[in-house]
Amino acid sequence: MTDASTPLIVGGPAPSDARPDADLLQGLNGPQREAVTYRGQALLIVAGAGSGKTSVLTRRIASLLRTREAYPSQILAITFTNKAAGEMRERVHQLIGQKADGMWISTFHSACVRILRREAEQFGFTKAFTIYDSGDSRALIKRLVKEHEGDSFGLTPAGTQSRISKLKNELADAESYARSANMSDPAERVFVEIFSSYQRELQRANAFDFDDLIAQTVYLFRAFPQVADVYRKRFRHILVDEYQDTNHAQYALIHELTRPVGSDAEPFSVGGMMIFEADPSTGSGTEGGPASLTVVGDSDQSIYAFRGADIRNISEFERDYPGAKVVLLEQNYRSTQNILSAANAVIANNFDRKDKKLWTDVGAGDPIIGFTGYSQHDEAQFVADEIESLHRRGIDYSGMAVFYRTNSQSRALEEIFIRSAVPYKIMGGTKFYERAEIKDALAYLVAVANPADGMAVRRILNRPRRGIGDVTETAIARYAAEHGITFRDALANSAQLGVGPKLQKAIDQLDAVLTEATAVMLPASGELAPSTSVTEGLTLLLTKSGYFDALRASKDPQDEARLENLDELIAVTREFARNNPDGTVIDFLTEVTLVADADDLDDASGSVSLMTLHTAKGLEYDAVFLTGVEEDLLPHRISANEPGGPQEERRLFYVGITRARKRLHVSLAMTRAQFGEVTVAMPSRFLQEIPGDLIDWRQSPGDVNGRGGSQSRALNARGRRPGQPGGGGNRYGDDLVPLPKRAPADPSKFPNRIPAKVRDNGDMVLAAGDRIRHDDFGEGRVDAVTGEGAKRVAHVRFDTVGPKKLLVKIAPIAKL
DNA sequence: CTTTAGACATTTTTT
DNA sequence: ATGTCTAAAG
């Protein structure tokens, strides 16, 4: 196989000179080069954190194109998130320019949507199908659970939804599940009934849920081999990033695509081997041979087992694809040695893994900083102070990130950041597209784009309030069922519903608005809707339905924000039209459903990023703050019962550590308010796994728990245990035992407790030179005041705690 | 049909 | 502590 690179040189455009992709190999180490240049049927790149995996992947694609081994249209690159897909596209574009256009670089879900849209008619859907996000499918499942009285068998909507999702990820349907389930259990029977009616409803609504997008594509390929062959012929090079996070359905999809053309339902390994042995140069243009497959992954970063990711997909890759080449990337180009040593030490505690050690040649770097706060706000204040201090030393805000295990932890951080005037943005979190008003507006669009989708029509039926309630909704549904028409079409026959004249008029009006919008967005066949049609249609829907008026007339102060959100949505439609001149309503809805966040635009905007550890995967920052490193939070309490749970939590911690380039901070709080109650927290077991000499505790758990200062100083392990080489051991002594049972001290004594009500200093006038008193920080002198209006920020030098920034409007301060 | 008060669960992670 | 859901009143 070593001569696989020969055709690369011969086939290139510059035969006598250096290989045409020589520049692409510049600056790469040996294994990286091999990962770029290897040609063969299957390649597994085991890429440790920060080992330049994206660079290798993009250069590999660029190399395939540059050497004319592949047309762009023959390349399918799968990433995990839309953001990663965008980045990869961008980087390939940088390497080889325009030629990159025409590749499919997308997520599993987007790729499947593209395939399904083309083939929908093959199996009972139309091109206009819509996609149910988890909220939509939960709403449907909720209704079905109620209809089947699932609650009396212990079935909750949430539980049912997750079971269905898990089954779909295993490519099981209601029927196949029923065969293996214990059907003498009535609860199982009801579950199967709900599952199958859920599927029936989706089909009737001409809709797929997230899991269906993958699973149904697999079914499509299996049921229609000639359809599958179209894509097998087309995609000659398939590359999958984050392969350790693929679930069974995704794995099966890749398998289907990498079968030899015309192989029908033959077992892959047989067909694959035969072709592979007969003609090792398959892949580049050979008709009929299986596509070449490249997967990149790191089993130490597998953090999605809870939603069906199967680590075996990567660990058994060599068995699935006999003859596969494996390349290991272990040199790390991101972090300092101290950070890597901590990461290596932590992950080494996971048994059942191939030993792998990240290394770097950039030197030890700064020690890891540790801090233990009294409360979550105290911890947040440490983070804010440290961020300010780093910022003053020249690190850009956008180069810093704060990670946490659960979204709810962001609140305390936010509160402190606002008060300290630290610019931040929250990645993920409460999503724009999950807000009620946005979902309403989108439901209006769906009602027009996919009239078969009854859920969407039901949603907007009484939004804004039209006096149409449960009773009327049921009447319409019954009429639709009796006449075999859709819920949407039933609206047109309001006279026959047997409802009062007032209701009849309301229904007519809604029907008219929808019809009018349909004319705008989906003109009669043949005509192409102008690119402004989505913007126009949405504005029309929201205006003529009375949605805008209802919000404007409302007294609820939140409704003003809702109006702004809708304005933003309209702005999104404009942006969409600009980027997709031929984009239809359907395209818009697809993009909006599959692209969870649109917040990557302002990456360089100079704010600190806040996100969960899961969101952090694949990103890197100069300075990282890992917060809430406490038992029951990281590892999370719920993980304790799940098989492999604690190990997955450790990988999560590992992912967090390895995001840091230069500075890593780990912090925790001794008490944490949860469910409105203050609970005592214990340091995470993972902290013990970091060699003590790597952590410089500004304030260790022992300093805080108040059981004698000198003893607890032992926790500040730096330099105190010269005899210890820095691995394993009960370094913290008894500091990890639970905190004293006595109730935590009066919470009001804790620094930085956030008052329930927001303080408002109104237009307090401050100027440089003023002296002030702060509730927590004591007295200080104002150095400068910057910003305008409500965003005025005072830069204060406090006598005891040093310089801080405060948001003047809400800071607990008084002028002296 | 809408409003309201109180019960209730929620906090693991995401396409 | 906060937001969602349910039941009863208007």
Between [options], which one does the side chain of [X] approach most closely?
| X | options | value |
| --- | --- | --- |
| A:H614 | B:dT15, B:dT11, B:dT13 | B:dT13 |
| A:E649 | B:dT3, B:dT12, B:dT14 | B:dT12 |
| A:S134 | B:dC1, B:dT12, B:dT15 | B:dT15 |
| A:T472 | B:dC1, B:dT11, B:dT15 | B:dC1 |
| A:F210 | B:dT13, B:dT11, B:dT15 | B:dT15 |
| A:T406 | B:dT11, B:dT12, B:dT3 | B:dT12 |

_If we check side-chain hydrogen bond (donor to acceptor under 3.5 Å, both in side chains) with A:D209, which of these qualifies: A:R138, A:Q199, A:K168?_
A:K168
Just to confirm, is there a sub-4.0 Å distance from OP1 or OP2 of [N] to any side-chain nitrogen or oxygen of [X]?
| X | N | answer |
| --- | --- | --- |
| A:R411 | C:dT2 | no |
| A:T612 | B:dT14 | yes |
| A:N407 | B:dT13 | yes |

_If you take any heavy atom closer than 4.0 Å to DNA chain B, which residues from residues 105-117 of chain A end up in contact?_
A:T107, A:H109
*Does A:R307 make a side-chain donor-acceptor contact with the base of B:dT14, cut-off 3.5 Å?*
yes
